[in-house]
Amino acid sequence: MIDPFAIEDGTEVPPPSGPAPEDLLAGLNPEQTEAVRTTEGAVLVLSGAGTGKTRVLTTRLAYLLAGGFVQPWQCLAVTFTNRAAREMRERVTEIVGADAASVALGTFHSLGARMLRRDGERIGLPRDFTILDADDQLRLIKQVAVGMGLDPKRWPPQALSSVIQRWKDRGVGPDQVGADPGAEYAGGRAVAVYRAYQDELARLSACDFGDLLLKCLELFRAAPDVLARYQRRFRYILVDEYQDTNVAQGLWLKALSMGHRNLCCVGDDDQSIYSWRGAEVGNILRFTHDFPGARVIRLETNYRSTGHILAAASALIAHNADRMGKTLRPASGDWGEKVKVRGVWTGEDEARVVVEEAEALQRRGTPLSEIAVLVRAGYQTRAFEERLMSQGVPYRVVGGPRFYERQEIRDAVAYLRLIRQPADDLAFERIVNLPRRGIGDATVEQVRERARATGTPMTRAAEEMIARNDLSARARGALSRFLADVGDWRAFAATADARGLLSEVLEGSGYLDMWRQDKSPDAPGRVENLKELLAALDEFADLGEFLEYVSLVMENQGGDETDRLSVMTLHAAKGLEFDRVFLPGWEDGIFPNQRALDETGAKGLEEERRLAHVGLTRARKGVTVTFAAARRIYGQWQNNMPSRFIDDLPEDHIERISESGMGGSLPLARSAAPAFAAAPPSVGAAGKEGAYARGQRVFHDKFGYGEVRAVDGNKLEIAFDKAGLKKVMAGFVAPA
DNA sequence: CATCTACAGGTTTTT
DNA sequence: CCTGTAGATG
């Protein structure tokens, strides 16, 4: 590594590579220019939706580098998502070239992990610690809590886990909990669970996601020299999505920036929608207090949306009290279309109407990829999926499980982890009986018991139990066969490359065969994913490096070029934009969500409103807000009032649409609803009952060809050739 | 130890 | 309504 002091000595400043800094400013507006050029000191760039935030961020980084006054590795750029990090790296590379490669650029978590790998030994964290994801974390907390005698029914591990995570988000270790919120949870024993969980993590040489920051803070406290080194090194720090940082991340940034004090945070308090995940809007609201003398620069010129959309969004968000205040101004004078507000009778009507409008837009030339349906909660996607599927409109649901969160990937990774790290008990437990090899819960429990009693890893405990003949003959045989296999793989790992190793493991263990023989419809996809994992391994010489990549960075392969409409949650839509956006389910209780209201009151309502603001500002040219008078939720008919957010939209900028042929009696104002007390008329949207008969051959988009076994109204029971017996709505199949 | 049945519970989820 | 999990059963 290059000596960071080479530049500060001022002797050999390398000549600027690429463009001159001032040339980069062409095309920026005055605020953007100011945000780029104010390189010294603390700067908060309040960047409203569509105001060119990414452009400012990348230009600012390029501007620093292009001057040649700072080495790339003296710049720290922090994002939340890998996607954002990748995009920033790509865009800066386009501007300044290869220099961009050595900028310390990444997510909070990956940068934290890098620091801990380097210096974590100073706080007793081995260099090769394992990174646990949410699933591992939950299993471990559950184990610990149950081990302490807590009834998982009364104190769900899930809840304990979130209490502990909130502590970590706030930078609070087990010894610092004090009177922190949540301290009373589980009769005050949550703290003890936290402490035991941390002990357990230490025993496993593991960190969960929260630890990647929490342990950095601990490191900075315990080893001031290490902190000082980072402080000297990072002369310029750049942070994206600052409104989403939690307390720990805020402290992390503050600590690192104390050397040169050049900290630039970009964010938008009006897009803070992750407080329930520990994000602390206070970080942005208190910025000038935390960094006295800080400059605040507002970006308010919106280059994305037409006038009516912006006017509606601005008026809506103006109803929030807790904000720094910003007004989006349209860059163009184009008012465009008013925001459509459309009431319908039922949830099915809503899906039908939305899909019809989307199809009409497509006919008039809007690509499906420029149309999005943004819902409040995941369960709402279903109605739209059904309708889109039956209409044959290509669509994608964004935001399924991440690649590395998939069961099959985690299983494969667990094999690798166990091979590399025999003490990885979580990996051991995960795959010891997967595929089934006759090592049941009872046996695993015995091994765990002995491991706990003797303070050894489970692998070791299992070996000892075999040697001492502590087990039933069956279990003993199965377990020793498993351990022998792992031993063989471990030996193999010494010579083979990563891909060869995993390939051998997946075949030799029977894991791949397990999925190949599985009859469920998603099994082939899992086999595909495993192949993808194998292919990804080619890029890595070192298994450890790969495991880090898999647990922190790896994403679903995009690779989908077909023109599809997007369906996703509002949360997933943040940072994206589309020509046309549909915002369904604007009904009190759904959006704003009832639980948000119940649990966090006025604060919750404001966050819901920010979510609505995010939704509206995703659209360039058109927004359609819809609400249904009644919908079936969990099989129960429920009448709803139109969302109070509809009242926040100024009449001048919206167009209320009444359904034709429905008597014009739809509740277009809140006072008119709920519209009816009894069940609404059934629409029968899902299909033509009686169109299918037993024995008929049919085709289904997902499951392929099959034969109808039974007909029950519009539900069919079909024996699919590949996917097996399924119950399917008649609307989803076509005669074959 | 695997498979079946009963039953609770169902907001959002960047790492 | 439907899905995931706990416990009882073979």
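The model shown is predicted, which means the values in this text are computed figures rather than measured ones. Just so it is clear: chains get the letters A, B, ... in the order the sequence lines come, proteins before strands, and each one is counted from 1.
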NA contact type, [X], heavy-atom cut-off 4.0 Å: base, sugar-phosphate, or nothing?
{"X": "Tyr274(A)", "answer": "base"}
{"X": "Ile439(A)", "answer": "sugar-phosphate"}
{"X": "Ala442(A)", "answer": "sugar-phosphate"}
{"X": "Thr443(A)", "answer": "sugar-phosphate"}
{"X": "Gly210(A)", "answer": "nothing"}
{"X": "Arg474(A)", "answer": "nothing"}
{"X": "Gly575(A)", "answer": "nothing"}

More than 12 heavy atoms from other groups under 6.0 Å of CD on Glu445(A): yes
Could Arg437(A) and Phe482(A) be counted as a cation-pi pair, given that NZ or CZ must be under 6.0 Å from the ring centre and within 45° of the axis? no
Nearest-Å distance, [atom1] ([X]) to [atom2] ([N])?
{"X": "Arg83(A)", "N": "dT15(B)", "atom1": "CZ", "atom2": "C1'", "result": "14 Å"}
{"X": "Ile590(A)", "N": "dG10(B)", "atom1": "CD1", "atom2": "C1'", "result": "13 Å"}
{"X": "Met514(A)", "N": "dA2(B)", "atom1": "CE", "atom2": "P", "result": "12 Å"}
{"X": "Gln158(A)", "N": "dG4(C)", "atom1": "CD", "atom2": "P", "result": "15 Å"}
{"X": "Glu241(A)", "N": "dT15(B)", "atom1": "CD", "atom2": "C1'", "result": "14 Å"}
{"X": "Ile131(A)", "N": "dT15(B)", "atom1": "CD1", "atom2": "P", "result": "13 Å"}
{"X": "Glu607(A)", "N": "dT13(B)", "atom1": "CD", "atom2": "P", "result": "13 Å"}
{"X": "Met568(A)", "N": "dT13(B)", "atom1": "CE", "atom2": "C1'", "result": "15 Å"}

[X] side chain, from C-beta outward: closest of [options]:
{"X": "Thr569(A)", "options": "dT12(B), dC2(C), dT15(B)", "answer": "dT12(B)"}
{"X": "Asn433(A)", "options": "dT15(B), dA2(B), dT12(B)", "answer": "dA2(B)"}
{"X": "Lys574(A)", "options": "dT12(B), dA2(B), dT14(B)", "answer": "dT14(B)"}
{"X": "Arg382(A)", "options": "dT15(B), dC2(C), dT13(B)", "answer": "dC2(C)"}
{"X": "Ala377(A)", "options": "dT3(B), dT12(B), dT14(B)", "answer": "dT12(B)"}

Could you walk me through whether Gln638(A) and Asn640(A) pass side chain to side chain donor-acceptor pair (under 3.5 Å), step by step? CA-CA 6 Å; Gln638(A) 189 187 299; Asn640(A) 290 324; 2.9 Å; yes
Tell me whether the rings of Tyr511(A) and Trp515(A) are parallel (<30°), tilted (30 to 60°) or perpendicular (>60°). perpendicular
Classify the ring geometry between His571(A) and Trp276(A) as parallel (under 30°), tilted (30 to 60°) or perpendicular (over 60°). perpendicular
Aromatic contact, Phe591(A) with Trp586(A) (centres under 6.0 Å): yes
Hey, is the side chain of [X] poking within less than 4.0 Å of OP1 or OP2 on [N], counting only N and O atoms?
{"X": "Arg277(A)", "N": "dT14(B)", "result": "no"}
{"X": "Asn82(A)", "N": "dT15(B)", "result": "yes"}
{"X": "Lys142(A)", "N": "dT5(C)", "result": "no"}

Using the aromatic ring of Tyr634(A) (for Trp, its six-membered ring), decide whether it stacks on the base of dG10(B) within the limits of 5.5 Å and 30°. yes
If you measure from the ring centre of Trp276(A) to the centre of the six-membered ring in the base of dT12(B), is it under 5.5 Å, with the planes under 30° apart? yes
For Arg437(A) and for Tyr379(A), find the nucleotide of DNA chain B with the closest heavy atom, then tell me which residue's nucleotide is more 5'. Arg437(A)
Can you work out whether Thr107(A) or His571(A) has the more 5'-proximal nearest nucleotide on DNA chain B? His571(A)
Taking the P atom in each of dT5(C) and dT12(B), what is the distance between them to the nearest angstrom? 16 Å
Could you tell me how far dC2(C) sits from dT13(B) if I compare only their P atoms? Round to whole Å. 22 Å
Show me the donor-acceptor pairs, under 3.5 Å and distance only, between side chains in residues 158-165 of chain A and residues at least two apart or in other chains.
residue	atom	partner	partner atom	Å
Ser161(A)	OG	Gln165(A)	NE2	3.2
Ser162(A)	OG	Ala159(A)	O	3.0

